[in-house]
Amino acid sequence: MNDGIVELVGRRPVTFGRRKVTPRACVADSKRHLRAFLSEVLEDLGFVTSECASADELKTVLATELPDLILLGVAADGIEPGRFLEILVREAFAGKVLAVGARESIIVRAVQQVGEEYGLAMLPPLTTPFAAETLRERVTMLLPEEPAPSPAVHVGEALHAGWLELWYQPKIDARTLIRSGAEALVRMRHPTWGVVPPAYFIPEAHDPHLRDLSEFVIERAMQDWHYLLEQQSPVDLSINLPAAYLREPHAVRDLCRRVPTHPAFGGLTIEIDSEEATRDLDLLTEVAREVGLHNIALAIDNLGANWPALMGLDKIPFVKLKADRHFVTGSGTDRLKRTVCRHIVELAQGYGACAVAEGVESRADLVAANEVGFDLVQGYLFGKPMPLKKFARSTLTKTVMGQA
């Protein structure tokens, strides 16, 4: 296993300390489903991941992705770990190496011993099956300890640098528990701070970059829709836009022009924050009339204690009323929250709209949402927002399992 690397003994890696930058990891395993699984776990911990299935791919990954960690899958019928170790030593890899394999595996022990002898920074092996917390303990020295950036990152810089992306959270039919679309949520992957929450970069209504951000969301969502169609099946998407953007000259026309003409396109929902929505009802009524011809609909987001503002109207321009997570999370045990949710559901039913509960984080929340009468539910109980490729993999996995 160690042929060809003896002459390279003595090159010591740089020791990593706690850091600000987002850590990068490469998952090396011949089995695609294992690479996908390990990548998902690492991404949940905050890593940016890449994958390689053979030793021939590793040298390219080392040069282009600059990983801080190599997860080396070790199995009797898998990759040849000796070739991987050889390349890591020849390239003077200065990061950490974590062997992953069966408990009591002779091969795992051999990889660990040879790697240490040849100067690689071998972490204690990760034996299968393992818990996510065990993996976290192994790689904790690579995880960033710094808080989110302060002051906020300017969205103009993020747009110019290409740091923005859309993450997706599934929407679930409250009765059948079958997926019924997904909401696109903008995220920033900053080169120093890692994944940055929207609160740190979403511009104010008067910021000239608000239009650029809105156009990015629309364009990227439509690109992602095509990607999801190729990977598995069409997904009905929701995106968040400010009412102020829809007031811009040509904004609505450009929005309609960007939607797919593919016959599988089931529609796009634009979610408007409830404060803006109730303030700009006349504008949004006109917008809804225009975009409805292009399979686009409007929804009201974050509806909570301000629900009475929609009472007594002849009609509303929204096909969905979405309850604020503040009133959904914990509604299973909080009578006041459940009362607000019930009013929102009754309001939606009165207007012939769909009622959506956001923030379903426990089974008690789900039971309450069903009892109150929500049509769709969304929340951590069914999945956190996740990057596009992870969303596609998770959805495809569930589909395959459902057909098995």
Say you draw a straight line from [atom1] of [X] to [atom2] of [Y]; how long is it, rounded to the nearest 0.5 Å?
X    : Y    : atom1 : atom2 : value
Y227 : R220 : OH    : CZ    : 12.5 Å
R90  : K59  : CZ    : NZ    : 9.0 Å
I316 : L298 : CD1   : CG    : 10.5 Å
L241 : E276 : CG    : CD    : 10.0 Å

Atom of [X], atom of [Y] and distance for their closest heavy-atom approach:
X    : Y    : result
D375 : A353 : OD2-O, 4.2 Å
T329 : D365 : CA-OD2, 3.7 Å
D29  : G73  : OD2-CA, 3.3 Å
L58  : C52  : CD1-SG, 4.1 Å
A221 : Y168 : CA-OH, 3.8 Å
S331 : F327 : CB-O, 3.5 Å

Test item: [X] side-chain N/O and [Y] main-chain N/O as donor-acceptor pair under 3.5 Å:
X    : Y    : result
N306 : G304 : yes
W225 : V235 : yes
D68  : G95  : no
D173 : L376 : no
Y351 : F318 : no
T285 : P317 : no
H294 : I296 : no
E219 : E215 : no
S39  : A36  : no

Original post:
Do R35 and T49 pass the side chain to side chain contact (heavy atoms under 4.5 Å, CB included) test, and can you show the C-alpha distance, the side-chain angles, and the key distance before you say yes or no?
Top reply: CA-CA 10 Å; R35 295 199 307 272; T49 64; over 6 Å; no

I'd like to know whether [atom1] of [X] has more than 12 heavy-atom contacts from other residues, nucleotides or ligands below 6.0 angstrom.
X    : atom1 : answer
H226 : NE2   : yes
R257 : CZ    : yes
L293 : CG    : yes

**OP:** Could you list the residues that satisfy side-chain contact (heavy atoms from CB on, under 4.5 Å) with Q113, not counting sequence neighbours?
**Re:** E117

Original post:
Between K390 and E43, is the closest basic N to carboxylate O distance under 4.0 Å?
Top reply: no

**OP:** Hey, could you give me each pair passing side-chain hydrogen bond (donor to acceptor under 3.5 Å, both in side chains) that has a residue in residues 237-253? Not counting sequence neighbours.
**Re:** K171-S238, E183-N240, R211-E248, R247-D280, H250-R253

With sequence neighbours left out, write down each residue that passes salt bridge (Lys or Arg N to Asp or Glu O under 4.0 Å) with [X], or none if nothing qualifies.
X    : answer
R189 : E165
R338 : E371
E361 : R325
R187 : none

Within-4.5 Å side-chain heavy-atom neighbours: [X] and [Y]:
X    : Y    : value
V259 : N295 : no
E51  : L38  : no
V356 : D301 : no
L185 : P198 : no
K337 : V328 : no

Subject >> Verdict with supporting geometry, L69 and L123, side chain to side chain contact (heavy atoms under 4.5 Å, CB included) >> reply: CA-CA 10 Å; L69 171 70; L123 297 174; 4.0 Å; yes

Original post:
Do the rings of W307 and H343 sit parallel, tilted or perpendicular, given the 30° and 60° boundaries?
Top reply: parallel

Subject >> Short side-chain donor-acceptor distance under 3.5 Å, H326 and D324 >> reply: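 No.
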
**OP:** Show the numbers, then the answer: is there a side chain to side chain contact (heavy atoms under 4.5 Å, CB included) between E86 and Y118?
**Re:** CA-CA 9 Å; E86 177 183 348; Y118 295 148; over 6 Å; no

**OP:** Decide yes or no on side chain to side chain contact (heavy atoms under 4.5 Å, CB included) for L62 and I70, but give the supporting numbers first.
**Re:** CA-CA 10 Å; L62 292 175; I70 302 292; 4.2 Å; yes

